[in-house]
Structures are given as C-alpha cells and as structure tokens.
Amino acid sequence: MGASLKEQLDDLLGKLNPGSVIGVDIGAHSLKVCELSGGPGKFKVERFGIFTLSEATLIEDEVQKPSDIIDGITEALTQAGITSKTACLGLFGPNTMTKRLNVPEGTKEEIEDHVLWESEQYITFGADDSQIDFFILGENEGGGNDTIVAAAKNELIDGFSDLLKQAKLNVRIVDLNVIALSNVFEEVMKDNLEEYSEGTLLLDFGAQSTKIIVYKRGGPIFTKEIPVGGGLVTEEIQRQMGVSYAEAEDLKTTTDENGNLPQEILNIIEVQLEQQLAEVRKNINFYVSQGGAEKVNYCFVTGGSSLLPGLIDKLSEIAGIPVERLDVFSRFKIDEKRINANLEELSAIAPVVIGLAMRTS
Ligand SMILES: Nc1ncnc2c1ncn2[C@@H]1O[C@H](COP(=O)(O)OP(=O)(O)OP(=O)(O)O)[C@@H](O)[C@H]1O
Ligand SMILES: [Mg+2]
C-alpha cells in the first residue's frame, strides 16, 4: 500500500520547511518527543510528549521490546499533538563517540580528510562501519582549528531509524544526546557563555546511565557515559522491599503532602547516591582537582535522577564546586496551555529532546 495523501503532504511540508524537525529521545526509562518553534534566543517548546517504557525495554543500546518503542512513539506523538513527520533522532551508548580534535589550517577538504584520518583511532566500534560528522568550532589560540567529531555505528543508526520509520517518522537528522545536551546548555547560558566556557561540567543523571560532559572553549572537550543511574536505585528498592519494578518506581518518586519520601526509601537512596557519585567522582577527578590544567568551575545537572533528594548537596561536596539544576525554562518559552507539567521535572527530563528538536541541519 502506498503512502496516504496526508503522509505525502506531511513529507512534502517537511521538505519545504527544512528548518523544523521534531526531537526523539529514546531513554531507558521513557521516550520523549518534542516540537519547538522560533530560533536561537527565542525558542519555544510548543509540544512535548512522553511515554514511560516498561522494565528492560532497552538494555544499553539494545532494544529488547521493539514494538513497545514503536507504540510508545506513536502514543507520545498523539499525546503531544505532533503531526509533523520529520525527526531528529538522538543516539547514545557504546556505539557512539565524540572527540575534540585540533586540526591544522587548510581548505575544507583538507580539514575533512584530516578529521576522518585522525578520528579513526578513536572509533572503537569501527570507522568503516560508521557515520562520522564534525563541526569546526573556530580557530584555536595556539593555532589550528578546534573541531568536534561525532560518530555512530551504522547498525545503531539503522536499527533506531527503522523503529522510527515503523512509527511513521522519517529521520532527517541523527545527533548524539551528549551533543544535544551541550547545545541546549549553550542556548540557555547564551548571556554568560564566556564565563561558563572557562570550564563547566554538565551531568545528565538518567535511568541507566549518567552522561558526563566537560564544556570548555566553546564546546565539549570530553564526553563519557557511565553505567550508573536511577534504575539502580529502583532495583535496590525492589530488592530490599520485595516489590515490582513499577511499585519501586512509585515508592522512589511519590512524596507525602510535605514533599518527603519515607525514611526507609531515603536510606536506600542515600547509600546508592554514595556509591554512584563515587563512580562519577572517579571520572571527573581530572577536571575538579585543584590545580588541574582543565579545571571546571561550575556544574549543572539534568536528567530525572537529578531530582533524587540529596543529590545536589552530595555532588557539590564531592566535586568541590557549585552545583545547580539547569533551568531550561529560564531561556526556552513553553506553551503552558498545551503542556501541562511540573516545570522543575520537565526541566530535568526534557533537555536532551529539546536539544534534538533545535537542530536544523
Ligand atoms: N522526582 C523524581 N525523583 C527521583 N527520581 C526520579 C524522579 N522523576 C524521575 N526519576 C527517575 O529518573 C529516571 C528517568 O530520568 P530520564 O528521563 O532523564 O532518564 P532516561 O532518559 O529515560 O534514561 P537514560 O538517559 O539513562 O537512557 C528514572 O530512573 C526515574 O525513576
Ligand atoms: Mg536520557
């Protein structure tokens, strides 16, 4: 059966309006879709949809329950009222990588050749089977051009693109979630970017992983994903309280009328935070130690698990720098009539998908 007239029209409109894509962020706990209007300095979140996935739908970057993801995307799009069909897909995990490279001056072709040649050694999943993209950030003070290379394995791109296709979306742009987050951060901090560009740590505390981004000199200089996150807290609640995944999720996030969690849940969270933040600390040590050449001065956190009670205080203690939640809606406008959500929670879980929806090319 051929595409319906409406599908053909949507496809055509997508082509006529190349600037607009919807963001699709497939997370381990939930998938999110988002549509923006406006442009740099005046973006507005017009539509946002979320679908909570069942336990173990996604393990690392492997989809265990493809039909749940396809149905989830359709459901989230309907809920959000999104009819646009052109998407920017966010990727993550061990079959993706970013690398900051300093490349000698040259023509565009020379720079490209150099980037492709030099980045090969960093693409552990095989440069020949990957898509490689790069952006030139600008000239480096010490000479050459600062560039960011991003790569993803073809198999990963194809696998997720196929799921989106089955949910009737066309993938026009593929991005990495860590780059999307860095782009959102830049947009939110536009007015003070010079200061933050001296060294800022961005941490995205998700369900199955924590994303570490060191932002410096106009872009990310380091990105890493480590396997700690809110899912481990849920597992521990399941184990200790003898409850199901869904019940444990509820226990973790349902507060009493004063906004407090039961003491036994708080105790589990505290022990987990201790362990998980120790792991984070190991990975950021180089950037937060006194006297380090690449020292960062600030830290902003995102991700649903950044809402865990005690996280901000513990993190600033171990990192020795001020830690704040990234307040996306200090910059992005939002259609509050259409999007009925707690803005603090939305600001935690939405940055990646907003960053994906920001892409125009
Ligand atoms: N209010 C809250 N307090 C504590 N944890 C929360 C709260 N709201 C959500 N979470 C947790 O945050 C996690 C989901 O956050 P997020 O949507 O950022 O993750 P994800 O994108 O699905 O996962 P990942 O990025 O690891 O693939 C879940 O573990 C969820 O239990
Ligand atoms: Mg996520």
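Model, not experiment: these values are computed from the prediction. As the structure lists them, so they are numbered: ligands from 1, and atoms in each ligand from 1.
For the pair Lys211 and ligand 1, the shortest N or O to N or O distance falls below 3.5 Å. In terms of N/O distances under 3.5 Å, ligand 1 is not approached by Gly27. Checked by distance only, ligand 1 and Leu308 stay at 3.5 Å or farther apart across all their nitrogen or oxygen atoms. Between Asp25 and ligand 1, a contact under 3.5 Å exists for no N or O pair. The shortest N or O to N or O distance between Asp204 and ligand 1 is not under 3.5 Å. Residue Gln208 has at least one nitrogen or oxygen atom sitting less than 3.5 Å from a nitrogen or oxygen atom of ligand 1, judged on distance alone.
The CG atom of Asn154 sits 6.5 Å away from atom CG of Asp129, with the distance rounded to the nearest 0.5 Å. With rounding to the nearest 0.5 Å, the separation of CG in Asn145 from CD in Glu105 is 5.0 Å.
For atom 31 (O) of ligand 1, the closest non-hydrogen atom on the protein side is Glu249 OE1, 2.6 Å. In terms of protein heavy-atom proximity, atom 5 (N) of ligand 1 is nearest to Gly304 O, 3.6 Å. In terms of protein heavy atoms, atom 27 (O) of ligand 1 is closest to Ala28 N, 2.8 Å. Annotation: atom 7 (C) of ligand 1 to nearest protein heavy atom, Thr253 CG2, 3.5 Å. Remark: minimum distance from atom 17 (O) of ligand 1 to any protein heavy atom is reached at Lys32 NZ, 2.7 Å. Protein heavy atom at the shortest distance from atom 23 (O) of ligand 1 is Ala207 N, 3.1 Å. The protein heavy-atom contact nearest to atom 22 (O) of ligand 1 is His29 N, 2.8 Å. Atom 29 (O) of ligand 1 has as its closest protein heavy atom Lys252 NZ, 3.3 Å.
Contact check on Glu344 versus Arg325 returns a salt bridge, with a Lys/Arg side-chain nitrogen under 4.0 Å from an Asp/Glu carboxylate oxygen. Salt-bridge check for Arg217 with Glu294: passed, with a basic side-chain N closer than 4.0 Å to an acidic carboxylate O.
Not less than 6.0 angstrom separates the ring centroid of Phe286 from the ring centroid of Phe222. Here the two rings, on Tyr196 and Tyr215, have centers that are 6.0 Å apart or farther.
Applying the 6.0 Å contact sphere to CD of Glu60 captures no more than 12 heavy atoms from other residues, nucleotides or ligands.
A donor and an acceptor atom, one from each side chain of Ser244 and Glu247, are located under 3.5 Å apart.
Using a 4.0 Å heavy-atom cutoff, Ser305 is listed among the residues neighbouring ligand 1.
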